[in-house]
Amino acid sequence: MRFATWNVNSVKARLPRLLDWLEKTAPDVVCLQETKVAADGFPAAEVAELGYETAAHGQGRWNGVAILSRVGLDGIRRGFPGEPGFPDPEARAISAVCDKITFISVYVPNGRTPDDPHYLYKLEWLRVLGLTLAEDLAAGPLVVAGDFNVAPTDADVWDPAVFAGSTHVTPPERAAIAALRDLGLTDVPARAMKGDHPFTYWDYRAGMFHQNKGMRIDHVYASADLAAAVTDAVVDREARKGKGPSDHAPVIVDLKR
DNA sequence: ATGCCGTGTGGGACACGA
């Protein structure tokens, strides 16, 4: 099985590239984030032509997540119980069972700055997500993938000094991610196609991608059984190249299964 | 990064992103 996660930064703006990438990459399951479209506006017919069913959770111009699958798509759950909002819940999580694996696609709140109310919202959102993940882990194989908006270590940003005092690197954020790992989830390490750091995000501005000044903020967490079955995982930096890319690259994972 | 680019909304300037 091959699955992937990708923050596409608007599925409508990215549709031609998404379709090309699906054909070339041929994943069985894809977790998408920042689709920026209401569920009924998702281009489900277009991806269906490539053999994919769609489960989408959207709210319009902001956020939005989805799961595409060509190996079944059952038990769709939008959001999760007790999901915090700002103040109302946003479209940041969707789960479905594909080929007997529960997949959850997440778009964790950005946090903005450590003194912003959105920062506490981010921490609380991750804490409550953990409650659902603990239940899902007890039920069977689990993959949680998406844009976590946290760089777990200093090696996950291009220059730790630049990020001092910023969101994405603070100890409470890193602790929130560690708490998810402590539930029994493994951070699946992805290879970088180029360079030493498997960054998944590069700002659009100032040639950051070409200088490889990025961040590793898109992660794949898997239950132990699935983590042990991983045969390869890679950041597809090719998808960040060329005209009209997302500012995030996909992470592609192969499972012996 | 003191938002230098990109997207959505709406039909221009602004909100948001990490």
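Reminder, nothing fancy here: chain letters follow the sequence lines and each chain counts from 1.
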[X] [atom1] to [N] [atom2], straight-line distance once rounded to whole Å:
X        : N      : atom1 : atom2 : answer
A/Gln59  : B/dG8  : CD    : C1'   : 12 Å
A/Lys213 : B/dC4  : NZ    : C1'   : 13 Å
A/Asp116 : B/dA1  : CG    : P     : 21 Å
A/Arg240 : B/dA18 : CZ    : C1'   : 13 Å
A/Leu15  : B/dG8  : CG    : P     : 12 Å
A/Phe209 : B/dG6  : CZ    : C1'   : 16 Å

Revision key, fill the gap. Between A/Thr35 and A/Trp158, the residue closer to the 5' end of DNA chain B by nearest nucleotide is A/Trp158
**Study point:** Which residue lies more 5' along DNA chain B, comparing A/Pro109 with A/Gly244 via nearest heavy atoms
**Key:** A/Gly244
Among residues at least two apart in sequence or on other chains, which ones pass ring pair (Phe, Tyr, Trp, His ring centres under 6.0 Å) with [X]?
X        : value
A/Phe209 : A/Trp202
A/Tyr221 : A/Phe148, A/His219
A/Phe86  : A/His118, A/Tyr121
A/His197 : A/Phe199

When the [atom1] atoms of [N] and [M] are considered, how many whole Å apart are they?
N      : M      : atom1 : value
B/dG6  : B/dA1  : C1'   : 15 Å
B/dT2  : B/dG12 : C1'   : 24 Å
B/dA15 : B/dG10 : P     : 14 Å

Tell me which donor-acceptor pairs under 3.5 Å the side chains of residues 39-57 of chain A have, and how far apart each pair is, sequence neighbours excluded?
{"unit_1": "A/Tyr52", "atom_1": "OH", "unit_2": "A/Pro27", "atom_2": "O", "d": "2.5"}

Using the 3.5 Å cut-off, write out each protein N or O paired with an N or O of nucleotides 13-17 of chain B and the distance between them.
{"unit_1": "B/dG17", "atom_1": "OP2", "unit_2": "A/Arg112", "atom_2": "NE", "d": "2.9"}

Check your understanding: Touch check for A/Arg14, heavy atoms < 4.0 angstrom, all strands: base, sugar-phosphate only, or nothing?
Key -> sugar-phosphate
Point to revise | A/Lys256 NZ: over 12 foreign heavy atoms closer than 6.0 Å | key: no
Review point. So do the side chains of A/Val108 and A/Val150 get within less than 4.5 Å of each other, counting heavy atoms only?
Key: no
